*Asks:* 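I am attaching a structure below and will ask some questions about it afterwards.
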There are 2 protein chains.
Amino acid sequence: MASNGHDNIPDIVIGRLPIYLRALNRLADDGQEITSSHELGQRLGISSAQIRKDLSHFGGFGKQGTGYQIEYLQEKLRKVLNIDREWEVALIGVGDLGKAIAHYRGFADRGFHIACLFDSDPAKVGQEIGDYTVQPMAALQQAIQDKGIRLAMLAVPVQHAQEVANTLVESGITGILNYAPINLTVPKHIQVQYIDPVVGLQRMTYYLED
Amino acid sequence: MASNGHDNIPDIVIGRLPIYLRALNRLADDGQEITSSHELGQRLGISSAQIRKDLSHFGGFGKQGTGYQIEYLQEKLRKVLNIDREWEVALIGVGDLGKAIAHYRGFADRGFHIACLFDSDPAKVGQEIGDYTVQPMAALQQAIQDKGIRLAMLAVPVQHAQEVANTLVESGITGILNYAPINLTVPKHIQVQYIDPVVGLQRMTYYLED
DNA sequence: GAAAAGCTGTTATAGTTTTCACATGAAGAA
DNA sequence: TTCTTCATGTGAAAACTATAACAGCTTTTC
């Protein structure tokens, strides 16, 4: 995983922070105010030691004898993850999947705002989805640069994914959430995360007896 | 990760096999017949040694001096992952997300067949989606048992996810692909995989300078 | 108010995963 | 044929990650 000016905190630790945050959100929803590494660990199937160790990379967020104040820990984790602000995201591809993404509340709820939509299909360009109008691919580079957008979600057919990814990189995007079932080749300062539900299913079938 | 009668092959290795398979699919689409651990590794950003070692857990699939025959390796990996057959999957929740899942071609293309749909909303029950009719939750247990379904995709609102998961487990489901942003608590013989795109985004923002 | 119980942060230890490096076999060139 | 090149599979070493264990601070109990 690419690393920039950051300290050398293992990427695997970073990957767990959003999971911790998600669990804290649930606890907070339930009205709970304090938790412990033990409780969190039980919920997540992770050892309490690991949680304490992960958090200790960023400072002491807890209190001996008491545990962690949930709201405070959420705040700290958001700060570490750089999500104590809103991020604008471009969405490329508004087929069934893209539309579902555009309508999904979970992004906005957690600070990711879909700020523009693009599709190469002339029949889709001009459609209104949510608050925005689908723009043609030709407008992509300009729009992204004008708005200073740095994150994109890629929901185009697999055949076009690499090509669109190249365009995104040229436009200044530095993080791509890729829904197409293909490994993208990108310069190493570009982050890519993959969403491929079939991978999840295949991983489970390995453990299923016939 | 739960492990059953299987050899003790690390779960992290199992997790990479679908990625290898996906890359092989792309190569095959391009008409290529042979590849090497080096080529695969370059595409995936993984060392060639790791690929060879991973594959070696399951036997020697390659040929020294030549590399791997793509079709043969695909076949072997499918066999290892238990996907040299079709799997039926239940889908619970047919909101925007569930509908997009139901329409997504990628599942059927890779051997996962959505065999029944459920929703608790009476307004949705009875709707036709794809080839199937949305059934009420009350019909879930019976339908899953009758069809012998073992995998489920969970696309219900986060508030109901744990409760529905409990029902699924009671019905005999042993693998859950969970789209709700919550960690499920399940007996340890149950597999769970999480699809939470926001986690992917949050993981990327960590590396973005302000 | 003293003792007990609870929980963090951290150092030391154990375990896992990745990389290295090379013996060995296959294919092609001379 | 013989030599060179290429690529696998694998044991050993290195790097990384997780667990265990405990000192020290907090809160609760009696």
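All heavy atoms count here, side chains included; hydrogens, waters and symmetry mates do not. All values reported here derive from a predicted model rather than from experimental measurement. Chain A is the first sequence line, chain B the second, and so forth, proteins listed ahead of strands; every chain is numbered from 1.
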*Asks:* Would you indicate which nucleotide in C/dA26, D/dT8, C/dC7 comes nearest to any side-chain atom of B/T66?
*Replies:* C/dA26
*Asks:* Does any residue of residues 12-40 of chain A have a heavy atom under 4.0 Å from DNA chain D, and if so, which ones, in number order?
*Replies:* A/I12, A/R16
*Asks:* Does the Lys NZ or Arg CZ of A/R22 fall within the cation-pi geometry relative to B/Y194 - under 6.0 Å from the ring centre and within 45° of the axis?
*Replies:* yes
*Asks:* Any side-chain donor paired with an acceptor under 3.5 Å for B/D146 and B/Q142?
*Replies:* yes
*Asks:* Atom CG of A/L44 to atom P of D/dA18: distance rounded to whole Å?
*Replies:* 14 Å
*Asks:* Salt bridge or not for A/D29 and A/R26, using N-O below 4.0 Å?
*Replies:* yes
*Asks:* With a 4.0 Å cut-off, would you call A/R16 and A/D11 a salt bridge?
*Replies:* no
*Asks:* Between A/G65 and B/P10, which has a closest nucleotide on DNA chain C that is more 5'?
*Replies:* A/G65
*Asks:* Under a 3.5 Å threshold, yes or no: a donor from one side chain and an acceptor from the other, between B/N166 and B/E170?
*Replies:* no
*Asks:* Any chance NE2 of A/H38 has more than 12 other-residue heavy atoms, nucleotides or ligands included, within less than 6.0 Å?
*Replies:* no
*Asks:* Over how many whole Å does the gap from A/I9 atom CD1 to D/dT17 atom P extend?
*Replies:* 12 Å
*Asks:* Please report the distance, rounded to the nearest Å, between CD in B/Q64 and C1' in C/dC22.
*Replies:* 12 Å
*Asks:* Begin with the C-alpha distance, continue with both residues' side-chain angles, and end with the deciding distance and a verdict on side chain to side chain contact (heavy atoms under 4.5 Å, CB included) for B/L77 and B/Q74.
*Replies:* CA-CA 5 Å; B/L77 287 181; B/Q74 286 177 301; 6.0 Å; no
*Asks:* Salt bridge check: are A/D96 and B/R105 linked by an N-O gap of less than 4.0 Å?
*Replies:* no
*Asks:* So, is A/Y68 close to the C/dG9 phosphate, meaning a side-chain N or O under 4.0 Å from OP1 or OP2?
*Replies:* yes
*Asks:* Enumerate the residues from residues 45-63 of chain B whose closest heavy atom to DNA chain D is under 4.0 Å, giving them by residue number; use none for an empty result.
*Replies:* B/R52, B/K53, B/S56, B/G60, B/F61, B/G62, B/K63
